[in-house]
Amino acid sequence: MKLALVGIGKIALDQHVPALADSPDWDLAATVSRQGRVEGVEAFTRIEDMLAARPEIGTVSLCLPPLPRFAAAQAVLRAGRHLMLEKPPGATLAEVHALADLAAAQGVSLYATWHSRMAHAVAAAKRWLAGGTIREGRIIWHEDVRKWHPGQDWIFEAGGMGVFDPGINALSILTEILPMPVHLAEADLDFPANRQAPIAARLDFAQGISADFDFRQEGRQTWDMEFVTDAGRLALRMGGNLLEIDGAAAGGEDSIMGEYPALYAQMARLVRAGASEVDLAPMVLVADAFTLGRRNTVEAFEF
Ligand code: NAP
């Protein structure tokens, strides 16, 4: 099946292009980007031009930042094409509800992806936790914004989500593996004096689970979650890729390279089945953190 990739920036080149090159399902037939290009693939700078010129491309995958995503997503769905969205699926919840309604009306597939849910140990962690009782949990998601989002000023603009851009990955795993829903009780958000989105956040969920997100981590990066349950202790490390039970290695693989091939395989299944997958649970938690969170002003941040 032919697919067009839109927003040729960091994640498109790091993950989407290699995943598509190896995919048995997809042929990368065009790109849309003002500057970004993929060698050997026809390049457009405006999405409307690509949609008009290449009617045989049935699916479009958007790798734009969340703010410019909605207009492009609407154009794709109105043109009757299937649509795959990078996370977070929009700048607001209402945007994504509108896209889900439009996809249903147009009879096309919409996939709001959560790449971290495809990490190697997530399914095993979900199976282990099923039916158990969780007494407490702790998420530590500390990474270096300069390494993963070099010069990306959009991430600190209003609607860019700041540290919730990676933090929502942790929340996508949390809402996938837990045997019960969670909701936010309290939050503290740290906004750099010169920015519109938080650089760090601490969340407390009513179910005894806490989360600590920080974008200022240099050196070793930490993407861990730990749970104490009636049946023992479970930990997920390396962003859901490694599993530990009671402190001992219990599976997974220390690599993030399986996530995007798994997303594109799922998109192929959805298109063939005429189905959509849109789970907004991680984004609801982020929206609630912005609603409930206490705001602290911290040191100005420059890339
Ligand atoms: P990026 O490199 O800054 O953006 C992707 C491309 O979008 C840009 O190169 C730009 O290409 C295009 N674009 C169109 N309108 C834009 C605007 N108003 N502002 C900035 N860029 C615009 O970002 P990214 O890191 O690839 O992230 C894109 C999405 O992928 C985000 O939702 C992010 O959460 C997600 N993601 C990122 C990572 C990561 O490690 N960086 C990991 C997983 C998921 P042109 O200038 O050529 O049009």
Side-chain angles (χ1 to χ4, degrees), residues 4-20 30-39 41-50 60-76 83-93 95-96 99 111-119 122 141-173 195-198 213 215 217 221 223 238-241 255-264 267 280 282-283 286 303:
L5 199 56
V6 180
I8 307 302
K10 182 159 176 29
I11 199 63
L13 295 172
D14 285 0
Q15 296 288 345
H16 291 254
V17 171
L20 287 164
T31 61
V32 181
S33 218
R34 295 162 306 182
Q35 287 132 40
R37 299 282 180 277
V38 176
E39 206 185 321
V41 178
E42 187 180 9
F44 294 82
T45 52
R46 285 169 24 95
I47 193 159
E48 292 77 11
D49 295 343
M50 184 278 293
V60 179
S61 176
L62 297 187
C63 309
L64 300 163
L67 270 180
R69 181 113 34 92
F70 183 60
Q74 278 185 313
V76 170
L83 177 62
M84 177 164 158
L85 299 171
E86 251 297 353
K87 48 63 55 170
T92 69
L93 289 163
E95 282 183 359
V96 193
L99 294 179
Y111 182 19
T113 67
W114 299 107
H115 66 85
S116 292
R117 286 185 174 175
M118 297 302 193
V122 168
W141 225 252
H142 289 183
E143 67 174 56
D144 184 351
V145 66
R146 292 188 176 94
K147 176 174 164 69
W148 302 103
H149 299 279
Q152 291 179 5
D153 281 314
W154 62 261
I155 215 161
F156 285 117
E157 286 167 9
M161 287 199 184
V163 76
F164 287 104
D165 181 275
I168 204 168
N169 298 336
L171 300 177
S172 75
I173 296 175
R195 301 283 180 170
Q196 294 291 331
F213 302 153
F215 242 163
Q217 176 80 18
Q221 309 284 287
W223 300 285
M238 293 309 296
N241 281 295
S255 162
I256 59 168
M257 293 312 284
E259 296 174 13
Y260 283 80
L263 293 181
Y264 278 103
M267 185 63 187
L280 290 175
M283 205 168 155
V286 172
F303 278 101

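First listed ligand is number 1; within each ligand, the first listed atom is number 1. Residue numbers run from 1 in the order of the sequence given.
With respect to atom 27 (O) of ligand 1, the closest heavy atom belonging to the protein is W154 CZ2, 3.8 Å. When hydrogens are left out, the protein atom nearest atom 13 (N) of ligand 1 is R34 NH2, 3.4 Å; that is the closest non-hydrogen contact. The shortest contact between atom 38 (C) of ligand 1 and any protein heavy atom is with I11 CD1, 3.5 Å. Among protein heavy atoms, the minimum distance from atom 19 (N) of ligand 1 is reached at P65 CG, 4.0 Å. From the protein, the heavy atom lying nearest to atom 35 (C) of ligand 1 is K87 O, 3.6 Å. For atom 44 (C) of ligand 1, the nearest protein heavy atom (residue, atom name, distance) is E86 OE1, 3.4 Å. If you check which protein heavy atom lies closest to atom 2 (O) of ligand 1, you get K10 N, 2.8 Å. From the protein, the heavy atom lying nearest to atom 8 (C) of ligand 1 is G9 CA, 4.2 Å.
Of the listed options S33, A71, P166, S33 places a heavy atom closest to atom 11 (O) of ligand 1.
In this structure, the side chains of F164 and P198 come closer than 4.5 Å at one or more pairs of heavy atoms. For the pair I8/R37, no side-chain contact is recorded, criterion being any heavy-atom separation below 4.5 Å from C-beta on. Two residues are said to be in side-chain contact when any heavy atoms from C-beta on lie closer than 4.5 Å; T113 and M118 fail this criterion.
Judged by distance alone, the side chain of K87 and the main-chain N or O of D165 form a donor-acceptor pair under 3.5 Å.
The aromatic rings of Y260 and H115 sit parallel, their planes meeting at an angle under 30°, below the 60° perpendicular limit.
Between C63 and ligand 1, no N or O atom pair is found at a separation short of 3.5 Å. Remark: ligand 1 and Q152 share an N or O pair separated by less than 3.5 Å (distance only, no angle test). Looking at Y260 next to ligand 1, no N or O pair under 3.5 Å apart turns up.
Those atoms of ligand 1 with a heavy atom of W148 less than 4.0 angstrom away are 39 (C), 40 (O), 41 (N). If you number the atoms of ligand 1 from 1 as listed, the ones under 4.0 Å from a heavy atom of G7 come out as 5 (C), 6 (C), 7 (O). Residue contact check: P66 has heavy atoms under 4.0 Å from atoms 32 (O) of ligand 1. Applying the 4.0 Å criterion to heavy atoms of H149 picks out, from ligand 1, the atoms 39 (C), 41 (N). Counting the atoms of ligand 1 from 1 in the order shown, those under 4.0 Å from a heavy atom of P88 are 32 (O), 34 (O). Distances below 4.0 Å separate heavy atoms of I8 from the following atoms of ligand 1: 9 (O). In the vicinity of D165, heavy-atom distances shorter than 4.0 Å reach the ligand 1 atoms 33 (C), 34 (O). Set against the non-hydrogen atoms of H115, the atoms of ligand 1 under 4.0 Å away are 43 (C), 44 (C).
For W154, the CH2 atom sits in a packed shell: over 12 heavy atoms of surrounding residues, nucleotides or ligands are nearer than 6.0 Å.
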The test is side chain to side chain contact (heavy atoms under 4.5 Å, CB included); show your working for V32 and V60 and say whether it passes. CA-CA 10 Å; V32 181; V60 179; over 6 Å; no
Between L263 and Q15, is the side chain to side chain contact (heavy atoms under 4.5 Å, CB included) condition met? List the steps. CA-CA 11 Å; L263 293 181; Q15 296 288 345; over 6 Å; no
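Contacts between P68 and ligand 1 below 4.0 angstrom, taking non-hydrogen atoms only, involve the side chain exclusively. Contacts of W114 with ligand 1, taken as heavy-atom pairs under 4.0 Å, are absent altogether. The parts of L64 lying near ligand 1 are both backbone and side chain, judged by heavy-atom distances below 4.0 Å.
To the nearest 0.5 Å, atoms CZ (F215) and CD1 (I155) are separated by 4.0 Å.
Using a 4.0 Å cutoff on heavy atoms, R69 counts as a contact of ligand 1.
Using a 4.0 Å cut-off between charged nitrogen and carboxylate oxygen, D144 and K147 do not count as a salt-bridge pair.
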